[in-house]
Amino acid sequence: MPAPIPAEELRAAVDPVRGWLAGEADQPPRAVVGAAVKTTARWLAQQVPGRSVELRVPPHVAVQCVEGPRHTRGTPPNVVETDAATWLRLATGQTTWDEAVAAGKVTASGNRADLSANLPLRPLR
């Protein structure tokens with residue numbers, strides 16, 4: 001099991017992408033965006049542990065989270081998938097779950113695939 005991610009590390013990973021998310025700066029290098037995506041997704045999995053939902057933010061990360069029936073093989077019954085910018089906007093509170101789903105920016109399948117209760121991530125609010 002990986003070491004817990006401290007809130008300071010979470011904020012430090014996200015700070016370099018905030019201007020881009022707000023439309024005030026160019027997109028940072030892929031490694032910077034990837035670090036922010038991976039750190040925020042892993043933070044969510046750390047805060048809401050479990051294996052019943054798979055959060056996918058291709059090509060950066062896929063994590064399992066949310067308590068419930070354990071999934072072991074094939075496509076999980078509960079999948080959330082989105083792009084890096086949308087995920088980071090959800091994680092930081094720049095957009096809501098309902099707005100992202102309504103805009104088609106998030107696909108969520110399965111009865112446990114609603115992550116709105118866990119977003120935005122507390123240290124990023």
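In what follows, residues are counted from 1 in the order of the sequence shown.
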Side chain proximity check, L44 to W87, heavy atoms < 4.5 angstrom: yes
Spacing of CG belonging to N78 relative to CD belonging to Q64, to within rounding of 0.5 Å: 10.5 Å
Test item: V33 and H60 side chains (from C-beta on) under 4.5 Å apart, heavy atoms: yes
Check: T82 and T107 side chains under 4.5 Å, non-hydrogen atoms: no
R122 side, atom CZ; W43 side, atom CH2 - distance, nearest 0.5 Å: 7.5 Å
Counterpart residues, side-chain hydrogen bond (donor to acceptor under 3.5 Å, both in side chains), relative to R42 (two or more places apart): none
CZ on R51 to SG on C65, rounded to 0.5 Å: 11.0 Å
Within-4.5 Å side-chain heavy-atom neighbours: W20 and D26: no
Derivation and outcome, salt bridge (charged side-chain N to carboxylate O under 4.0 Å, His left out), residues R56 and E54: CA-CA 6 Å; R56 299 174 180 168; E54 186 165 288; 2.6 Å; yes
Side chain to side chain, R18 and L124, heavy atoms closer than 4.5 Å: yes
Shared hydrophobic cluster, V61 / V79 (ILVMFWY, side-chain heavy atoms < 4.5 Å): no
Residues forming a side chain to side chain contact (heavy atoms under 4.5 Å, CB included) with E24, sequence neighbours excluded: A22
L21 side, atom CG; Q94 side, atom CD - distance, nearest 0.5 Å: 5.0 Å
S116: partners by side-chain hydrogen bond (donor to acceptor under 3.5 Å, both in side chains), with sequence neighbours left out: D114
Close side-chain approach of L88 to V57, heavy-atom, < 4.5 Å: no
Shared hydrophobic cluster, V48 / V80 (ILVMFWY, side-chain heavy atoms < 4.5 Å): yes
